[in-house]
Amino acid sequence: MSIPLTDLKLQYRSIKEEIDSAIKNVVAEGDYILGKEVSIFEEELAKYIGAKFAIGVASGTDALVLALSACDIKRGNEVITTPFTFIATAEAICRVGAKPVFCDIEEDTYNIDPKKIELKITKNTKAIIPVHLYGLPCNMDDILTIAKSYKLKIIEDCAQAFGAEYRHKKVGVWGDCGCFSFFPAKTLGAFGDGGMVVTNCEEIAQKIKMLRNHGSTNKYYYSLHGFNSRLDTLQAAILRVKLRHIDNWIERRRENALYYNNLLTGKSILTPPYDLFNSNTLYKHTFNYYTIRLDSKRDFIQQYLKDKGIYSAVYYPLSLHLQDVYKDLGYRWGDFPVAEEMQNKVLSLPMFPELTHAQIENIVEVIKEALRDD
Ligand SMILES: *Cc1c(COP(=O)(O)O)cnc(C)c1O
């Protein structure tokens, strides 16, 4: 029996009636663009995160672009971020005309290393985008200290970290803006694309509301160069249903991660994800991905798993500073040794709330077999 990386059909089946009726209602109302489900979902989500404002947009990528625009990041500015992230983080910086400046990551968390940020600051630096990779929050205390002393904006990329917490406070409200993605495979996923910006700043919130809707204040009167980037009413209605289940699903992800961790001990070349379930309450990981590190044989193990019908993924196989699209930025191999090392070692195993203990036992058994065989 094969085990997928994530199982969206299984989740749909578990809440089919609620979802179907939410969809039917929107269709019956014909309320498709910025309909009432969007504003209700924005309120519910703001409350869940603990933010004053939430603005629904078309995707997580657009959430970053609009947040950067609303923070007035533009041509001539530099934005510091991690090279070990999905392309959208850096792409959004370029989209507003600014320049991404990469900074290496920590070996144990795979997140941006605050100790290395200051070295990257120049007179053009305007913002930092910390990415809470896989669902694990960044070290926000240290990042905030740096941002304060250099007067930099912080835009959190929370695309993989819905519901994650740092010091018992959800990610998204630590900086000036928090950006979420509702891409189907994210912890809170829609049935298509969707995104959200959360903020405690009314001025930024107003600006994003205008930007997502062609820069208009009143219909057919425009005061900003805007975008067409609205969260669909249908997606909002689906997400409202899912938001009611999210805490339960996050708990099941964490429980599955703990189960994996306990079974995966005792292999010296294999390191489970940094979570600190017991000893450290600073971080609450929500495991959008359950990512292990294999000091050798990563590709062999991925293939071995696949041959047994178990799907895994590498997030990400080539750090952004080495991508063709950024060759004009002038980076080279060796610039970010930790990111370059981790791209060859990380492997994300199947992770979703409905994953069973028996499936996890099976996956771990196959990994141990692969390590024995070779
Ligand atoms: C998914 C993701 C995004 C982009 O979200 P989309 O909704 O796919 O546009 C941005 N940053 C990170 C880290 C992501 O994982």
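Counting starts at 1 for both ligands and their atoms, following the listed order. In this text the structure is predicted, and so the values were computed from the model without any measurement. When a residue number appears, it is its place in the shown sequence, counting from 1.
- The contact set between ligand 1 and A88, taken as ligand atoms under 4.0 Å from a residue heavy atom, comprises 3 (C), 4 (C), 10 (C).
- Within the 4.0 Å heavy-atom criterion, neither part of D62 lies near ligand 1.
- Applying the salt bridge (charged side-chain N to carboxylate O under 4.0 Å, His left out) rule to E78 yields no partners; only residues at least two apart in sequence or on another chain are considered.
- By the criterion of a heavy-atom distance under 4.0 Å, the side chain of T85, and not its backbone, is placed next to ligand 1.
- Separation of the Y134 and F287 ring centroids does not fall under the 6.0 Å cut-off.
- With salt bridges taken as basic N to acidic carboxylate O contacts below 4.0 Å, one links R240 and E44.
- In terms of protein heavy-atom proximity, atom 11 (N) of ligand 1 is closest to D157 OD2, 2.8 Å.
- Taking every non-hydrogen atom of V131 and a distance limit under 4.0 Å, the qualifying atoms of ligand 1 come out as 13 (C).
- No side-chain donor from either of D299 and Q303 sits under 3.5 Å from a side-chain acceptor of the other.
- Of all protein heavy atoms, the one closest to atom 2 (C) of ligand 1 is K186 NZ, 2.7 Å.
- Less than 6.0 angstrom separates the ring centroid of Y331 from the ring centroid of F336.
- Considering both main-chain and side-chain atoms, F86 never comes within under 3.5 Å of ligand 1 through any nitrogen or oxygen pair.
- For atom 9 (O) of ligand 1, the closest heavy atom belonging to the protein is T61 OG1, 2.5 Å.
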Return all side-chain donor-acceptor pairs below 3.5 angstrom for residues 179-188, not counting sequence neighbours, or 'none' if the list is empty.
from, atom 1, to, atom 2, distance (Å)
S181, OG, F183, N, 3.1

